[in-house]
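The structure under discussion appears below in the form of structure tokens.
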Amino acid sequence: MELKTQWHRLDPATRRWFMDNPGCVVLPRTIATIVARVADEPVVRDQHGAIQLSAEDVSFIQTRVHSSAAAAGEHKFFDSVQPGQGVDPATEVDSESTESGHLD
């Protein structure tokens, strides 16, 4: 199964999940069930009901995210904390748990 050919058959909530999780290579059982239901061919699932995406599927999703972000004037970083999210190092650093970074 190629996700690209099934994209139009997915409901908007499922497509949004893919857009919100562009680095995911193993679909959780709930999303895998939805994809398997709309696919027009048999889908290979593991013993837990998950589906592993191909490199082409992951690339397709990331391209869609880049396209939608570019249209909105944004840039999305994959597999990282987005700008404006996470800990601000200037205010949230615990001095006892940090290292100097020097090799002794």
Side-chain angles (χ1 to χ4, degrees):
M1 181 213 58
E2 230 180 50
L3 190 60
K4 183 178 185 176
T5 62
Q6 303 302 319
W7 186 256
H8 70 284
R9 300 179 77 192
L10 296 172
D11 63 276
T14 304
R15 281 187 260 159
R16 180 82 252 152
W17 185 90
F18 279 108
M19 300 288 280
D20 290 342
N21 299 280
C24 185
V25 294
V26 178
L27 301 181
R29 185 178 15 206
T30 52
I31 300 298
T33 300
I34 294 168
V35 170
R37 191 178 310 137
V38 302
D40 54 5
E41 60 188 73
V43 177
V44 177
R45 297 169 80 171
D46 68 13
Q47 69 270 20
H48 304 290
I51 296 172
Q52 182 160 354
L53 295 178
S54 67
E56 293 82 17
D57 288 337
V58 173
S59 177
F60 167 74
I61 295 165
Q62 291 179 351
T63 299
R64 296 211 43 112
V65 171
H66 277 301
S67 297
S68 68
E74 303 172 345
H75 181 74
K76 180 113 174 150
F77 297 98
F78 296 112
D79 299 331
S80 66
V81 174
Q82 301 301 305
Q85 295 178 338
V87 177
D88 179 4
T91 60
E92 297 292 329
V93 173
D94 180 6
S95 60
E96 292 181 23
S97 65
T98 60
E99 296 181 18
S100 66
H102 295 283
L103 298 175
D104 295 322

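Sequence positions, counted from 1, serve as the residue numbers for this chain.
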For the residue pair [X] and [Y], what are the closest heavy atoms and their distance?
{"X": "Met19", "Y": "Val65", "result": "O-CG2, 3.5 Å"}
{"X": "Ile31", "Y": "Thr14", "result": "CG2-CG2, 4.4 Å"}
{"X": "Ala39", "Y": "Val43", "result": "CB-CG2, 3.6 Å"}
{"X": "Met1", "Y": "Glu41", "result": "N-OE2, 2.9 Å"}
{"X": "Gly49", "Y": "Ala32", "result": "O-CB, 3.3 Å"}
{"X": "Lys4", "Y": "Asp57", "result": "N-OD1, 4.2 Å"}

Between CZ of Arg29 and CD1 of Ile34, what distance do you get to the nearest 0.5 Å? 13.0 Å

Donor-acceptor under 3.5 Å (Ser59 side chain, Ala55 main chain): no

Hey, is the main chain of Leu10 close enough, under 3.5 Å, to the side chain of Arg15 for a donor-acceptor pair? yes

In the structure I gave you, are the side-chain heavy atoms of Trp17 and Leu27 within less than 4.5 Å of one another anywhere? yes

Verdict with supporting geometry, Trp7 and Arg64, side-chain contact (heavy atoms from CB on, under 4.5 Å): CA-CA 11 Å; Trp7 186 256; Arg64 296 211 43 112; 3.2 Å; yes

Does Leu53 form a side-chain contact (heavy atoms from CB on, under 4.5 Å) with Ile61? I'd like the steps, not just the answer. CA-CA 10 Å; Leu53 295 178; Ile61 295 165; 3.9 Å; yes

Would you check, one step at a time, whether the test side-chain contact (heavy atoms from CB on, under 4.5 Å) holds for Leu3 with Glu56? CA-CA 9 Å; Leu3 190 60; Glu56 293 82 17; over 6 Å; no

